[in-house]
Peer 1: 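Handing you a structure now.
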Amino acid sequence: MDIREIIDRIYRMPESSAVRLAACMSSLSRPRGYCVLEAGRVEPNLFFIGRGIARACISADGKKVTFWIGAEGSALVSLKSYVDDEPGYETIELMEDSLLYVLKRSDLERFLAEDIHIANWARRFAESEFLRTEQKLIPMLFLPAARRYETLLRERPELLRRVPLETLASYLGITPVSLSRIRARMKSK
């Protein structure tokens with residue numbers, strides 16, 4: 001996915017604004033396992049996945065707990081770093097060799113002051129990120145594990161072939177053993 005597709009998926013704006021925003025982004029190729037953002041560090045820039053997949057995790061009791069998985073078109077950002085200029089709590093790790101686009105905070109802030117269309121794009125981006133967070137949080141609080149897995153199968157089936165089951169289990173808030181049992185029950189139906 002190229003950067004213009006990513007920009008347009010978030011919010012379509014006039015050509016001149018989209019070209020201006022895309023022109024300030026640079027592309028980076030990084031290998032699987034690379035940490036784009038590291039817990040405890042300030043990373044003010046935004047990254048977008050052109051090709052690949054990534055996960056956001058935190059360390060708890062010596063384990064990595066995955067709370068977000070993103071693929072092509074997804075943004076990688078530590079809101080704590082971006083908004084407050086403080087170290088983030090999450091690590092974002094690439095799970096495949098990836099192509100990323102980087103948008104420097106300084107460039108975005110300049111554009112926000114100069115171009116209403118880019119400001120509207122950024123507002124729509126923030127709204128979309130809040131909505132994704134809500135859509136992930138509410139099912140984690142109220143749906144049983146089997147329903148969360150069924151939703152994952154329906155909405156993001158590509159993750160099953162691109163992400164290790166242990167990581168998917170963590171993302172669903174269950175143990176790998178529980179995930180294996182859920183999968184076995186679904187196959188026997």
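Everything numeric in this text was worked out from a predicted model, so none of it was measured.
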Peer 1: So do the side chains of P44 and V42 get within less than 4.5 Å of each other, counting heavy atoms only?
Peer 2: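 They are in side-chain contact.
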Peer 1: Checking side-chain contact (heavy atoms from CB on, under 4.5 Å) for the pair L103/F47: CA distance, chi angles, key distance, verdict?
Peer 2: CA-CA 6 Å; L103 174 57; F47 299 84; over 6 Å; no
Peer 1: Charged N to carboxylate O under 4.0 angstrom, E127 versus R123?
Peer 2: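 Counted as a salt bridge, because a side-chain N and a carboxylate O are separated by less than 4.0 Å.
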Peer 1: Hey, is the main chain of L152 close enough, under 3.5 Å, to the side chain of E155 for a donor-acceptor pair?
Peer 2: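 No; judged by distance alone, with no hydrogens or angles, the pair does not exist.
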Peer 1: Using a 4.5 Å cut-off on heavy atoms from C-beta on, say whether the side chain of R51 contacts that of E72.
Peer 2: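 They are in contact (side-chain heavy atoms under 4.5 Å apart), so the answer is yes.
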Peer 1: If you round to the nearest 0.5 Å, how far is CD1 of I49 from OG of S74?
Peer 2: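 One finds 5.0 Å between OG of S74 and CD1 of I49.
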Peer 1: Can you tell me how far the CD atom of E109 sits from the CG atom of D107, to the nearest 0.5 Å?
Peer 2: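 Nearest 0.5 Å value for the CD-CG distance: 10.0 Å.
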Peer 1: D97 side chain to P31 main-chain N or O, any donor-acceptor pair under 3.5 Å?
Peer 2: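 Not a single qualifying donor-acceptor pair exists.
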Peer 1: Does the ring of Y149 carry R183 above it, NZ/CZ under 6.0 angstrom from centre and within 45° of its axis?
Peer 2: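 The answer is no; the distance or angle limit is not met.
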Peer 1: What's the spacing between K104 NZ and C24 SG if we round to 0.5 Å?
Peer 2: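 Atom-to-atom, K104:NZ and C24:SG are 9.5 Å apart.
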Peer 1: Are any of the side-chain heavy atoms of F48 and F125 separated by less than 4.5 Å?
Peer 2: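 Yes, side chains in contact.
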Peer 1: Could you walk me through whether E86 and S81 pass side chain to side chain donor-acceptor pair (under 3.5 Å), step by step?
Peer 2: CA-CA 5 Å; E86 293 181 7; S81 286; over 6 Å; no
Peer 1: R41 side chain to G88 main-chain N or O, any donor-acceptor pair under 3.5 Å?
Peer 2: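 No; zero donor-acceptor contacts below 3.5 Å.
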Peer 1: Do R148 side-chain atoms and L143 backbone N/O form a donor-acceptor pair below 3.5 Å?
Peer 2: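 Yes; judged by distance alone, with no hydrogens or angles, the pair exists.
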Peer 1: Quick one: CG on D84 to CG on L79, what's the gap to the nearest 0.5 Å?
Peer 2: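 Between D84 CG and L79 CG, I get 9.5 Å after rounding to 0.5 Å.
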Peer 1: side-chain contact (heavy atoms from CB on, under 4.5 Å) for R20 and E15? Distances and angles first, verdict last.
Peer 2: CA-CA 8 Å; R20 185 176 185 202; E15 182 71 11; over 6 Å; no
Peer 1: Is V36 linked to L99 within one hydrophobic cluster, defined over Ile, Leu, Val, Met, Phe, Trp and Tyr using a side-chain heavy-atom separation of less than 4.5 Å?
Peer 2: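 As far as the 4.5 Å side-chain criterion goes, L99 and V36 are not connected within one cluster.
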Peer 1: What about I53 and L76, same hydrophobic cluster or not, with Ile/Leu/Val/Met/Phe/Trp/Tyr joined at side-chain heavy-atom distances under 4.5 Å?
Peer 2: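 Hydrophobic grouping puts I53 apart from L76.
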Peer 1: Could you tell me whether the side chain of W121 and the main chain of R12 form a donor-acceptor pair under 3.5 Å?
Peer 2: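 Here the side-chain-to-backbone pair does not exist.
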Peer 1: Given M13, which of I118, N120, V19 fulfils the side chain to side chain contact (heavy atoms under 4.5 Å, CB included) condition?
Peer 2: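 With M13 as partner, I118, N120, V19 yield a single side chain to side chain contact (heavy atoms under 4.5 Å, CB included), made by I118.
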Peer 1: Quick one: do Y82 and E43 satisfy side-chain contact (heavy atoms from CB on, under 4.5 Å)? Show the steps, please.
Peer 2: CA-CA 7 Å; Y82 182 81; E43 177 53 70; over 6 Å; no
Peer 1: Mark yes when over 12 heavy atoms from residues, nucleotides or ligands other than R185 sit less than 6.0 Å from its CZ; otherwise mark no.
Peer 2: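 Yes.
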Peer 1: So does Y171 get a backbone contact from the side chain of T66, meaning a donor-acceptor N/O pair under 3.5 Å?
Peer 2: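 Between the backbone of Y171 and the side chain of T66 there is no qualifying donor-acceptor contact (under 3.5 Å).
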Peer 1: Taking only Lys NZ, Arg NE, NH1 and NH2, and the carboxylate oxygens of Asp or Glu, determine whether D85 and K80 approach each other closer than 4.0 Å.
Peer 2: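 Answer for the salt bridge query: no.
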Peer 1: Identify the residue among L160, L153, L159 that makes a side chain to side chain contact (heavy atoms under 4.5 Å, CB included) with R156.
Peer 2: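 Answer to the side chain to side chain contact (heavy atoms under 4.5 Å, CB included) test with R156 among L160, L153, L159: L159.
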Peer 1: Look at the side chain of T91 and the backbone N and O of A39, then say whether any donor-acceptor pair between them is shorter than 3.5 Å.
Peer 2: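 Pair found, side chain donor or acceptor close to backbone of A39.
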Peer 1: May I ask you to decide whether E166 forms a salt bridge with K63, counting only side-chain N to carboxylate O separations under 4.0 Å?
Peer 2: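 K63 and E166: not salt-bridged.
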Peer 1: Is I3 reachable from V102 through a run of hydrophobic residues whose side-chain heavy atoms are each under 4.5 Å from the next?
Peer 2: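 Per the 4.5 Å side-chain linkage, V102 and I3 are not co-clustered.
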Peer 1: Report yes or no: does S178 contribute a side-chain atom to a donor-acceptor pair with the main-chain N or O of I174 at less than 3.5 Å?
Peer 2: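 No.
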Peer 1: Measure the CD1-NZ distance between I58 and K64 for me, rounded to the nearest 0.5 Å.
Peer 2: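 Atom-to-atom, I58:CD1 and K64:NZ are 12.5 Å apart.
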Peer 1: SG of C35 to CG of L94: how many Å apart, nearest 0.5 Å?
Peer 2: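 Answer for the SG-CG pair, C35 versus L94, is 8.0 Å.
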Peer 1: Is there a path of hydrophobic side-chain contacts, each under 4.5 Å between heavy atoms of I/L/V/M/F/W/Y residues, joining L21 to Y101?
Peer 2: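 Result: yes, single cluster for both.
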Peer 1: Examine distances only and state if a side-chain atom of T167 and a backbone atom of V163 form a donor-acceptor pair shorter than 3.5 Å.
Peer 2: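 Not at all, since once roles are kept as given, no pair shorter than 3.5 Å links the two residues.
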Peer 1: Has R4 got more than 12 heavy atoms of other residues, nucleotides or ligands less than 6.0 Å from its CZ?
Peer 2: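 Yes, enclosed.
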Peer 1: With distance as the sole test, does S98 use its side chain to make a donor-acceptor pair with the main-chain N or O of E96 at under 3.5 Å?
Peer 2: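 Side chain of S98 to backbone of E96, a donor-acceptor pair under 3.5 Å: yes, one is there.
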Peer 1: For K136 versus M140, what's the shortest heavy-atom pair and its separation?
Peer 2: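 Heavy-atom minimum between the residues: O-CG, 3.2 Å.
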Peer 1: Mind listing the closest non-hydrogen atom pair of S17 and H117 along with its distance?
Peer 2: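 Minimum heavy-atom separation between S17 and H117: OG-CB, 3.5 Å.
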Peer 1: Would a 4.5 Å heavy-atom cut-off, applied to side chains only, mark P139 and Q135 as touching?
Peer 2: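 No, too far: nothing below the 4.5 Å cut-off.
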Peer 1: Evaluate the criterion side-chain contact (heavy atoms from CB on, under 4.5 Å) for residue pair I69 and L168; output intermediate values, then yes/no.
Peer 2: CA-CA 9 Å; I69 297 173; L168 285 178; 4.0 Å; yes
Peer 1: Do F111 and V77 belong to the same hydrophobic cluster, where Ile, Leu, Val, Met, Phe, Trp and Tyr are linked whenever their side-chain heavy atoms lie under 4.5 Å apart, directly or via other members?
Peer 2: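 Yes; V77 is reachable from F111 via cluster members.
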Peer 1: Identify the heavy atoms of A54 and I92 that sit nearest to each other, and give their distance.
Peer 2: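 That closest heavy-atom pairing would be CB-CG2, 4.1 Å.
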